[in-house]
Amino acid sequence: MKIQGIQEEQQPSRPLIVINDKRFATDSQIQGIQEEQQPSRPLILINDKRFGASNETDRRMLLDIQPLVEKLSALYPGFEVRAVRFRDLTWTEQLRWMSRAKVFVTTQGSSAFRFVFLPPGATCVVVGSPAGNNTTYFKPFHELDRWFSLSYVQFLRYGMSVDSTAEYEVQRVPGHWQPDDAVEAHDWWMYNANVRVQAERLQAMLDPVLRV
């Protein structure tokens, strides 16, 4: 299999020095990767941040993923819906999943930045942290605001209110770093809350994208 920008069949004869060019690309310079042959069904891909045999956890996780997969599969029978634990995969396997995705659903954070490997025309649904009127430095889409202008991926924001307490869980970790200021510390843990996505709300966002 050949993936755009990656050649697996043979290794280069000389070691490679890679320089990070941080200039913005034009629309004609494709930043994602795209497999030569597309699967029979388009893919809705969900970022499952659990990892390992013991289901180790992380911050800003999507909760109740399996029921969400089942509901989306029923709503979109013409699509493959998969929750993928990227930390348990090789880098090549991760690229294969991302290059197939029509829709990528993720919370924010470092694991979300795999969206740069989505194919052109894909949609990334970013689930924000619970937000209220008094949110300070750690805003609902704190890390990803600057990326939402990426030209070849459409971004949709799935917002969440602090009043919707059934849709998120805040787990303070004793001894974990937090800001010294009490208000900012509260916002920090809200920013790192684990969240539940409502299939009906997500459907209202995806129907126009998937044209169903």
### Message
Please say yes or no: joined through hydrophobic side-chain contacts below 4.5 Å, possibly via intermediate residues, are Phe51 and Phe113 part of one cluster?
### Response
no

## Note on the structure
side-chain contact (heavy atoms from CB on, under 4.5 Å) test vs Met205 passes for just one of Leu210, Val103, Leu156, namely Leu156

### Task
Could you check Tyr76 against Gln203 for side-chain contact (heavy atoms from CB on, under 4.5 Å), going step by step and ending with a plain yes or no?
CA-CA 9 Å; Tyr76 303 107; Gln203 179 188 14; 3.3 Å; yes

### Message
To the nearest 0.5 Å, what is the distance between CG on Leu63 and CE on Met61?
### Response
6.0 Å

### Query
Ala112 and Thr107: which non-hydrogen atoms are nearest, and at how many Å?
CB-O, 3.3 Å

### Message
If I take atom CG from residue Leu68 and atom CD1 from residue Ile46, how far apart are they, to the nearest 0.5 angstrom?
### Response
4.0 Å

### Message
Rounded to the nearest 0.5 Å, what separates atom CG in Leu95 from atom CG in Leu89?
### Response
10.5 Å

### Task
Side-chain contact test, heavy atoms from C-beta onward, threshold under 4.5 Å: evaluate it for His186 versus Arg172 and give yes or no.
yes

### Task
Please determine which of Tyr152, Trp91, Phe86 meets the ring-ring contact (aromatic ring centres under 6.0 Å, His included) test together with Phe117.
Trp91

### Query
Does Tyr191 have Arg60 sitting over its ring (NZ/CZ under 6.0 Å from centre, angle to axis within 45°)?
yes

### Query
How far does CD of Glu167 sit from CG of Asp64, to the nearest 0.5 angstrom?
11.5 Å

### Message
Is there a side-chain contact between Gln154 and Val209 in this structure, where contact means two heavy atoms from C-beta onward sitting under 4.5 Å apart?
### Response
yes

### Task
Could you grab the distance from atom CG of Asn47 to atom CE of Met98, nearest 0.5 Å is fine?
8.0 Å

### Task
Go through the steps to decide whether Val127 and Thr106 satisfy the test side-chain contact (heavy atoms from CB on, under 4.5 Å), and finish with yes or no.
CA-CA 6 Å; Val127 182; Thr106 181; over 6 Å; no

### Task
Check Leu202 against Tyr158 and note the closest heavy-atom contact, atom names and distance.
N-CE1, 4.1 Å

### Task
Starting at CG of Leu75, measure out to CG of Asp207 and round the result to the nearest 0.5 Å.
8.0 Å

### Summary
Closest heavy-atom pair, Ser111 versus Lys49, reported as atoms and distance to 0.1 Å, is OG-CE, 3.5 Å

#### Entry: Closest non-hydrogen atom pair between Met190 and Ser129, with its separation
O-CB, 3.6 Å

### Query
Should Glu93 and Thr90 be marked as a side-chain hydrogen bond (donor to acceptor under 3.5 Å, both in side chains) after you check the CA-CA gap, both sets of side-chain angles, and the distance that decides it?
CA-CA 5 Å; Glu93 290 171 329; Thr90 66; 3.2 Å; yes

### Message
side-chain contact (heavy atoms from CB on, under 4.5 Å), that's the test. Do Arg82 and Arg100 meet it? Break it down for me.
### Response
CA-CA 11 Å; Arg82 294 290 296 268; Arg100 287 184 51 199; over 6 Å; no

### Flag side-chain contact, heavy atom, 4.5 Å: Trp97 against Leu43
yes

### Message
Donor-acceptor pair, distance only, cut-off 3.5 Å: does the side chain of Trp188 make one with the backbone of Trp177?
### Response
yes

### Query
Going by an N to O cut-off under 4.0 Å, is there a salt bridge joining Asp88 and Arg50?
no

### Message
Looking at every heavy atom in both Ala122 and Ala101, which two are closest together, and how far apart are they?
### Response
CB-O, 3.6 Å

### Task
Identify the two heavy atoms, one from Tyr168 and one from Val162, that lie closest to each other, and give their separation to 0.1 Å.
OH-O, 2.5 Å

### Backbone N/O of Ala166 and side chain of Arg196: donor-acceptor pair under 3.5 Å
yes

#### Entry: side-chain contact (heavy atoms from CB on, under 4.5 Å) evaluation trace for Leu206 with Val125
CA-CA 9 Å; Leu206 293 184; Val125 179; 4.0 Å; yes

### Task
Answer yes or no on whether Arg114 is positioned over the face of Phe104, meaning its NZ or CZ is under 6.0 Å from the six-membered ring centre and within 45° of the axis.
no

### Message
When you measure from the side chain of Arg41 to the backbone of Val81, do you find a donor-acceptor pair of N or O atoms at a distance under 3.5 Å?
### Response
no

